[in-house]
Amino acid sequence: MRQIFIYSYSMTPLVPLNVLASGAVANPKKFEVRPREGVLIKVISSEGFVGYSDLHPWPELGDITLAQQLTDFHQDKISPQIERSLELAQRDARARAQKVHLFSAGELLKNNFLLPTPSQVNIALLEDIKNQNFTTLKLKVGKDRDAEVAAIERAAGLGFKVRLDFNAVGTPQSFEQFMSALSEAARTQIEYVEDPCPFDVDGWNRASQFARLALDNQYDKVPWQQLSQVPFDVIIIKPAKTSVSEAIAFCLKYDLKTVVTNYMDHPVGVVHAASIAMELKKKYKDTILEAGCLTHRLFKSDEFSRKLETDGPYLLKTEGFGVGFDELLEALPWQALKKS
Ligand code: MG
C-alpha cells in the first residue's frame with residue numbers, strides 16, 4: 001500500500017515575484033508581497049521506498065488552488081500538478097534507493113540570473129552579477145515599460161544575453177511598441193521573449209517578427225495537433241507543471257530549444273528541476289539552453305534554502321541522496337494524506 005504525507009510550508013518573497021502575483025495589473029503602482037503557500041510531499045511506496053517532492057501552485061497563473069488540489073486528491077481526482085509531484089517523488093525515491101544524488105545524472109548546468117523587478121536594476125547591481133560569472137539575465141517585464149527598457153539597455157550594454165518574460169499580460173501591439181522602444185544593439189542581445197501575450201497563432205506570428213519567442217505559461221493553449229509549425233523557438237519546461245517527456249517530444253518534432261526552470265517553488269522543487277535540466281542536457285546536448293533554477297534567493301532564507309549552495313550561475317549538489325536535504329526532510333512533522 002502506497003502512503004502519502006504532506007507538510008505545509010509558507011515562503012516569504014523578498015520582492016514582488018511577477019506582474020500577476022503582485023496585483024500590478026490592477027494597480028501598477030502598488031505591489032503587495034504575499035506569502036507563498038505550498039506543501040512538500042512524501043511518498044512511501046508499497047515496497048517501502050521513500051521519495052520527496054514539492055507542490056506549489058500559482059493560482060495567479062491559472063493553476064488550481066492548493067486547497068482544491070488536495071481536496072480533489074482525497075476524492076481520487078489527481079490534478080495534473082499532483083501527478084507531476086508524484087512522478088518527481090518517485091524519481092527521488094529511485095535515487096534514494098540506489099543511494100545516489102539526482103545530480104549524478106550529468107554535469108552542472110549554468111543558470112540565468114532572474115530579476116523580477118527590472119525597475120531596480122542599476123549598473124552596480126549588473127556589474128556585481130557579471131562578476132559572479134552570470135552571462136544571461138532574465139527580466140520579468142510588463143509593468144513599467146520605460147524602466148524596463150532602460151534596464152535592458154544597461155544589461156545589453158554590459159554584454160549580457162537577455163531573456164524577457166511578459167507572463168502573457170500584453171498584446172501583440174503593446175509587444176511591438178515595447179520592442180520598438182529598444183535600440184538595435186539591445187534587441188540583438190535578447191535571446192528570447194517568454195509569453196509576450198496570450199497565445200493565439202496569429203498574434204504570436206506577429207509578435208515573432210520582433211523577437212524569438214518562448215512558450216511557457218501558455219503551453220496548454222497551443223493546439224499542438226493542428227499545427228505543422230509553431231510561432232515560437234523555445235519551450236520552457238517546468239517539471240513541476242509540465243510533463244517532461246511530452247514537452248521534449250514537442251521540442252524534437254518542431255525543432256525547438258528547451259529551457260528547464262523551477263516553478264519559483266520550494267528548494268526541493270529547485271533541486272528537482274535542476275536535476276532534470278542536467279539529465280536532459282546530457283541526452284539532448286545543444287537543444288537544452290541555460291536553465292533557470294536559481295529562484296531561492298527571491299525568498300527569505302530558511303533551513304532548506306540555506307542548504308542550497310551556488311558557485312556563480314551553478315547550483316551545487318546538495319548533501320544527501322535524491323534531491324538531498326535528507327535530515328531536514330526526515331525530521332518534518334508529516335501529516336498523513338492518503339493510503340492507496
Ligand atoms: Mg514564464
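Each ligand, and each atom within it, is numbered from 1 in the order the structure gives.
Aromatic rings of F134 and F160 (six-membered ring for Trp) have centroids beyond the 6.0 Å cut-off, not under it.
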Evaluate the criterion ring pair (Phe, Tyr, Trp, His ring centres under 6.0 Å) for residue pair F166 and F178; output intermediate values, then yes/no. CA-CA 11 Å; F166 283 87; F178 188 100; 5.0 Å; yes

Please lay out, stage by stage, how E194 and K138 fare under the test salt bridge (charged side-chain N to carboxylate O under 4.0 Å, His left out). CA-CA 10 Å; E194 267 174 65; K138 173 173 170 177; 3.0 Å; yes

Does the pair W204 and F175 meet the rule for a ring pair (Phe, Tyr, Trp, His ring centres under 6.0 Å), with working shown? CA-CA 10 Å; W204 276 50; F175 178 59; 9.2 Å; no

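Protein N/O/S atoms closer than 2.8 Å to the Mg ion (ligand 1), listed by chain and residue number, are D165 OD2, E194 OE1, D216 OD2.
Distance check: L125 CG to F113 CZ gives 6.5 Å after rounding to the nearest 0.5 Å.
Cluster membership for V149 and L158, using ILVMFWY side-chain heavy atoms within less than 4.5 angstrom, is shared.
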